[in-house]
Amino acid sequence: MSWLDRAASDTQVTHRQRLWLYALAALVLAFLALPTLIVIPMSFSGSQYLEFPPREWSLRWYRNYLGSSSWMQATATSFQAGALTMLVATPLGTLAAYGLFASHLRAARWLHTLMLTPIIVPVILVAIGVFYVYVKIRLVNSLAGIVLAHSMLALPLVMLVVGSALKSFDMNQEMVARSLGASRARAFWTVTLPQIRFSLVSAALLSFLTSFDEVILALFIAGGNNSTLTRNMFNALRDQIDPTIAAISTLMIVVTTLGLLLAQFYGRKRD
Amino acid sequence: MTLRQRAAVPITLRGLRKRYGEVRALDDVDLDVRSGEFLTLLGPSGSGKTTLLMVLAGFIRPDQGRLLFGDDEVTRLPPHQRDIGMVFQNYALFPHMDVAANIAYPLKLRGIGGAEQQRRVEAALQTVQLAGYGARRIDQLSGGQRQRVALARAIVFEPRIVLMDEPLSALDKQLRERMQIELRQLHEQLGTTTIYVTHDQREALTMSDRVAVVNGGRIVQLDTPRALYEQPANRFVAEFIGESSLLPVQRDGDVWRCAGQAIAHSGAAPSGARACLLLRPERVRLLGAEGGEGLNVLPAQVSGIVYQGDSFLLQARLADGHAISLRGIAGAAVLDSLPAPAAAVRLGFAQADTVLLPDET
Amino acid sequence: MHDDGPNAAGLKRDERRERLALLGLSAPALLLVFVTMVLPVGWLFALSFLADDATFSLEHYRRMLEQPSYGRTFVTTFKVSVFTTALCIGLGYPLAYALSQMSRRAAGLCLIAVLLPFWTSLLVRTYAWLVLLQRKGLINEWGIGLGWWDEPLALVHNLTGTLIGMVHIMLPFLVLPLLAAMRSIDADLLKAAANLGASPARAFRTVFLPLSLPGLLAGTLIVFILCLGFYVTPAVLGGGKVIMVSNHIANDIELFFNWGAASALGVVLLVLTLALLWAATRLLRLEQVLGGSHR
C-alpha cells in the first residue's frame with residue numbers, strides 16, 4: 001500500500017484525498033518563504049533590474065553599501081540602539097515581570113496590563129506623541145531618545161516572555177532556597193535566574209530585533225546624525241529603488257537567521 | 001563520619017490566627033512542641049496543616065499570634081533567618097546543580113567553604129546513605145534518592161528545627177514504608193525537633209512521638225498515636241484514624257443502650273442522653289450460638305463479606321438498622337466457616353474496647 | 001498567654017512593606033512606559049481638543065466628519081483591513097490545518113518557512129515585493145515571457161500591491177495562534193465522532209471546526225487590529241495612492257504640521273483599537289490576543 005493510500009487522520013481520510021490540501025499548503029508556504037529570498041540573488045546582480053538568472057554577477061552593491069559613510073553610520077547607529085535597547089529593556093522587563101508575579105497584589109494585574117499597552121496603542125500615535133515631547137525636551141535625533149522609546153516598545157515582549165517562564169517555573173525551589181538561608185534577592189539570583197536564562201536570552205534577542213527593525217518611531221525621532229538603518233532604507237524605498245538596499249537586506253536576513261539559530265541553539269543546550 | 005547533634009529546642013505557638021477573606025485557615029492555634037520531639041500535623045486537605053507549617057517556616061505571615069523557637073521570638077523573622085531545614089513533597093532540588101552543590105548550598109550561604117564544606121557534605125551524604133553520590137546530576141536519581149538528597153540538604157547545616165511537608169507522598173507504597181522507618185531512625189540519630197505534615201494517618205501513627213489532628217484550622221486533638229487510636233476525642237478523629245463503626249446509643253437511667261441492648265462501657269461517658277459508640281472492626285468478634293461470656297453481645301444480620309487477602313471484612317446490620325463491621329484474620333478454617341449473607345449472627349466486643357463519643361447530631 | 005496587639009500591627013506592616021518592595025521592582029519599567037508613552041499619548045489626547053488659539057474646541061473632530069479626504073481614508077483603511085483579513089483566513093486556515101495534521105518534526109520544518117519571514121525585517125519584505133511586483137519586476141517578466149499576458153500588469157503602487165504585501169506580513173499572525181489552538185484539540189474527539197458514525201467531512205464540520213474557532217477568532221482579531229494601524233506597507237507599496245489612517249496622520253504632521261488634526265485622528269484610531277480589543281476580551285482571554293509581537 002503506497003503512502004498515498006494510508007490514513008492521514010483519525011477519521012481515516014487518506015493522503016490521496018488530501019493532496020489538494022497539501023498542494024495548497026505548499027503554495028502558501030512558498031508564498032511566505034520565497035519572496036524574501038529573492039532579495040539575495042538580486043543583491044549580487046550587476047544591473048539595476050533583477051534578471052533571473054542574473055546576466056552578470058557583481059559585488060558592486062555591497063561595495064556601495066560598505067563604502068558609503070552615511071549607510072555605515074546608519075548601520076552603526078542601528079546596532080548601537082539595538083544593543084542599548086537590549087541592555088535597558090531586558091533587566092527592566094525582567095524585574096518588572098518578577099515583581100508583579102511575586103507580589104500577589106490585585107493592583108499587580110492592572111499594572112501588568114498597563115505595561116502591555118505599548119503593544120496595544122497604534123505605533124503611529126506613539127510616534128507622533130513621542131516626537132512632540134522629545135522636541136520640547138530636546139531629545140529628538142539623539143541616541144538616548146531612540147533607546148528610551150525602543151525600550152518602551154520592547155518592554156511588553158520581555159515581560160510576556162519572562163512572565164510565562166516564571167509561570168512555568170517551580171517556585172518551590174525559591175522557597176527552599178529561602179528556607180535554607182538565602183534572602184529573596186539571593187534566591188532569585190542563584191536559583192531562579194539560572195533556570196530561566198533561556199527565556200532571558202530570547203527576551204534580549206527580541207528586544208534587539210524590536211529596536212533594529214523599528215521603522216515608524218525612527219522616522220520621527222531618529223534623524224540627523226543618529227539616523228537608523230531602517231529610516232534610511234525607508235526613505236530610499238520611497239524615492240527610488242536602489243539595489244544597494246538589496247545588499248543591506250541580504251545582510252539583515254543573515255543577521256536575523258543567525259539570531260534565530262542562536263536562540264534555538266541556546267534553547268537546545270538547556271536540554 | 002556523621003553529623004553532630006545540636007541541642008534541640010522546643011517550639012511554642014500562641015494564638016495564631018490567619019484568615020483569607022471569610023475562611024479561617026488558622027483559628028486561634030496554641031501548640032507546645034517538646035525539644036527533640038517528632039510531631040506530626042495530621043489532617044485532610046484544606047484542614048490548615050500546611051498553612052501551619054508555612055507559618056512555622058515564615059512563608060505565610062499570620063494575622064496575629066506568637067511563635068517561639070526555644071526562647072527566641074521568631075514571629076516576624078523572615079524565612080531565611082529562622083535557621084530551619086525544610087523538605088518538600090516534590091523535593092525541590094536545584095536541577096542546575098549536582099548533588100554535592102545542592103547540599104553545599106546552605107553551607108555556602110553561611111560562609112562555610114573549602115575543606116569544612118566538603119567534610120560536612122560528605123557527612124550528610126553518609127547520614128542519608130548516599131555516600132559517593134556527590135557528583136551525580138539530579139535527573140540521574142530515582143525518587144527515593146532525590147528525597148534523600150533533599151533531606152541531606154535540609155540537615156547539613158544542623159538547623160534547630162526540621163519541617164517536612166508530605167515528603168513521601170510522591171513515592172510508591174513499598175518505598176514510602178521503607179523511607180518512613182529510615183526517617184524515624186534519622187530523627188533518633190539527630191534528635192532535632194521535627195514537624196511533619198501528612199494526610200496519611202498510617203504514616204502519622206508509624207513515625208510520630210505525638211500527633212496533632214488538624215481540622216478547620218484548629219488542633220482537634222494532640223496525643224500519642226496510641227491514645228489517638230484508642231481514645232479519640234470526637235467523631236472526626238475517630239473516623240479519620242483507623243477504621244470505625246459508629247453506633248448511636250441512648251442513655252436509659254444508669255445504663256447505655258445500643259439497638260435496645262445494654263452495653264457495658266469503659267472510660268468517661270459524655271453528658272446528655274445520647275452518645276456515639278465507637279468500635280474498631282478488629283476488636284469485634286464473631287460468636288457462635290453460645291459463648292461471649294464477659295463480652296457485650298449484639299445480634300445482627302450479615303449484609304456482606306469482603307475478602308481482602310490478609311483479612312476479611314464482615315458487614316452486618318443491627319436490629320435498629322445501623323451498620324457494624326467486623327475485621328478478622330483470614331485463615332483457611334475461618335474462611336470456610338463464615339456465615340452466609342443474610343444469616344443471623346452474634347457479635348461480641350469487650351468492655352475495654354468501647355469508646356463513647358459526644359453526640360454531634 | 002494571648003498577645004494580639006503588638007504582633008498584629010507589626011505583621012501587617014511587614015506584609016505591606018514586602019508587597020510594596022516587590023511592586024517597586026517594576027517601578028523603573030513603569031516610569032519608562034509612563035514617560036515615553038502615557039504622557040505623550042495623553043498630551044496628544046488633550047491636543048486633539050484644542051484649537052489653534054489653545055481654547056477647547058471640537059473642530060478637529062468635526063473636520064473628520066466634514067472633509068471628504070477623511071472619509072476616503074476610513075474607507076480605504078476598512079477595505080484593506082477586511083480584504084487582508086479575509087485573504088489571511090482563506091490562505092491561513094488550510095495551512096494551519098495541514099500543519100496541525102503533520103508530525104511534530106515535519107511541521108517544525110515547515111514552520112521555518114513561516115517563522116523566517118516573520119522574523120525578517122518588515123522593510124526587507126516590503127522591498128522584496130517591490131522588486132517582484134514592479135513593471136519590470138520578476139512577476140511581470142515571467143508572465144510576459146510565458147505568454148500569460150502581453151502588457152506589464154500594474155501590481156504595485158496601488159491597492160493590489162498593498163494587499164499582497166499586507167497578506168504576506170499578516171499571515172503568520174493568523175497561522176501561529178490558529179495552529180496552537182488546533183494542536184490543543186483532543187484527537188480522541190475526532191476518533192469518537194468517527195466511531196459514532198460521522199463521515200470525515202462531517203466530523204470536521206461538527207467537531208474540529210467549532211473547536212478551532214477561538215484560535216481563529218484570536219488570530220483574526222490580531223490581524224485586523226494590526227491592519228488598522230499599519231503604516232509601512234501601504235506607504236511603500238501603495239505609492240501614495242493607498243492612504244490608510246496612519247499614513248494620513250503622518251501626512252498631517254509631515255506636510256501640514258497640523259497637530260490638532262493628526263492627534264484627533266490618532267485618538268479615533270486608538271478608540272477603535274481599544275473597542276475591538278475589549279470585544280476580543282469578551283470572547284477570549286487577553287493572553288490569547290496579545291500573543292504575537294507588534295510591528
Side-chain angles (χ1 to χ4, degrees), chain A residues 8-13 21-22 24-25 28-29 32-33 35-36 38-39 42 49-50 52 92-93 95-96 98-100 102-103 105 111 115-122 124-126 128-130 132-133 148-149 151-152 155 157 213 215-216 230 233-234 237-238 241 245 249 252-253 256 260, chain C residues 19 22-26 28-30 32-33 36-37 39-41 43-44 91 94-95 98 101 110 113-114 116-117 119-125 127-132 136-138 168 171 187 190-191 194 200 203 229 231-232 235-236 246 249-250 253 262 266 269-270 273 277 290 293-294:
Chain A
S9 77
D10 294 307
T11 49
Q12 301 302 313
V13 177
L21 178 66
Y22 297 155
L24 181 56
V28 179
L29 282 176
L32 279 173
T36 317
I38 279 297
V39 167
M42 170 77 180
Y49 295 103
L50 181 68
F52 215 69
L92 252 60
L95 284 175
Y98 181 77
L100 291 179
S103 76
L105 271 176
L111 288 174
M115 302 274 242
L116 293 181
T117 45
I119 303 187
I120 301 176
V121 177
I124 184 69
L125 190 59
V126 178
I128 64 174
V130 169
Y132 186 79
V133 170
L148 282 177
S151 300
M152 176 263 297
L155 260 181
L157 296 174
D213 289 344
V215 184
I216 306 176
T230 44
M233 281 178 75
F234 181 79
L237 280 178
R238 276 215 285 204
I241 306 171
I245 301 180
S249 300
M252 285 177 85
I253 295 176
T256 310
L260 268 179
Chain C
R19 291 227 168 125
L22 283 171
L23 267 182
L25 285 177
S26 54
L30 275 170
L32 182 64
V33 171
T36 55
M37 203 202 77
L39 222 55
V41 173
W43 219 301
L44 285 180
L91 292 174
L95 176 60
Q101 301 290 298
C110 293
V114 178
L116 214 48
W119 288 118
T120 311
S121 167
L122 185 54
L123 281 176
V124 172
R125 285 190 277 170
Y127 174 62
W129 281 113
L130 200 56
V131 164
L132 280 170
K136 280 188 161 223
L138 209 55
H168 189 248
L171 252 182
L190 287 166
K191 288 194 194 124
Y231 177 79
V232 177
V236 176
S246 48
I249 294 176
I253 302 281
L269 182 60
L270 178 61
T273 306
L277 269 177
L290 291 177
S293 63
H294 183 86

Problem set entry | Shortest non-hydrogen contact from C:Thr273 toward A:Ile120 |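 Scanning both residues completely, I find the closest heavy atoms to be CG2-O, 3.6 Å.
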Problem set entry | Distance-minimising heavy-atom pair for C:Ser121 and A:Asp213 |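 Heavy-atom minimum between the residues: CB-OD1, 3.4 Å.
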For this session: In sequence, state the C-alpha distance, the side-chain angles, and the governing distance for C:Leu123 and A:Leu237, and then conclude on side-chain contact (heavy atoms from CB on, under 4.5 Å).
Result: CA-CA 9 Å; C:Leu123 281 176; A:Leu237 280 178; 4.1 Å; yes
Between [X] and chain A, which part of the residue has a heavy atom less than 4.5 Å away: side chain, backbone, both or neither?
X        : value
C:Ile249 : side chain
C:Ala98  : both
C:Ser246 : both
C:Ile253 : side chain
C:Leu171 : side chain

Nearest-0.5 Å distance, [atom1] of residue [X] to [atom2] of residue [Y]:
X        : Y        : atom1 : atom2 : value
C:Arg125 : A:Ile38  : CZ    : CD1   : 15.5 Å
C:Tyr127 : A:Met252 : OH    : CE    : 13.0 Å
A:Thr36  : C:Trp129 : OG1   : CH2   : 8.5 Å

Side-chain contact, heavy-atom cut-off 4.5 Å: [X] with [Y]?
X        : Y        : result
A:Ser151 : C:Leu32  : yes
A:Leu21  : C:Pro94  : yes
C:Leu270 : A:Val121 : yes

Given that the side chain runs from C-beta out, which part of [X] has a heavy atom under 4.5 Å from chain C: side chain, backbone, both or neither?
X        : result
A:Val39  : side chain
A:Met152 : both
A:Ile128 : both
A:Ser249 : both

Pick whichever of [options] has the most heavy-atom pairs under 4.5 Å with chain C.
options                                : result
A:Leu125, A:Leu92, A:Leu32             : A:Leu32
A:Pro35, A:Ala33, A:Ala25              : A:Pro35
A:Gly129, A:Ala149, A:Gly93            : A:Gly129
A:Leu111, A:Ile124, A:Thr117, A:Leu100 : A:Ile124
A:Val28, A:Leu24, A:Thr230             : A:Val28

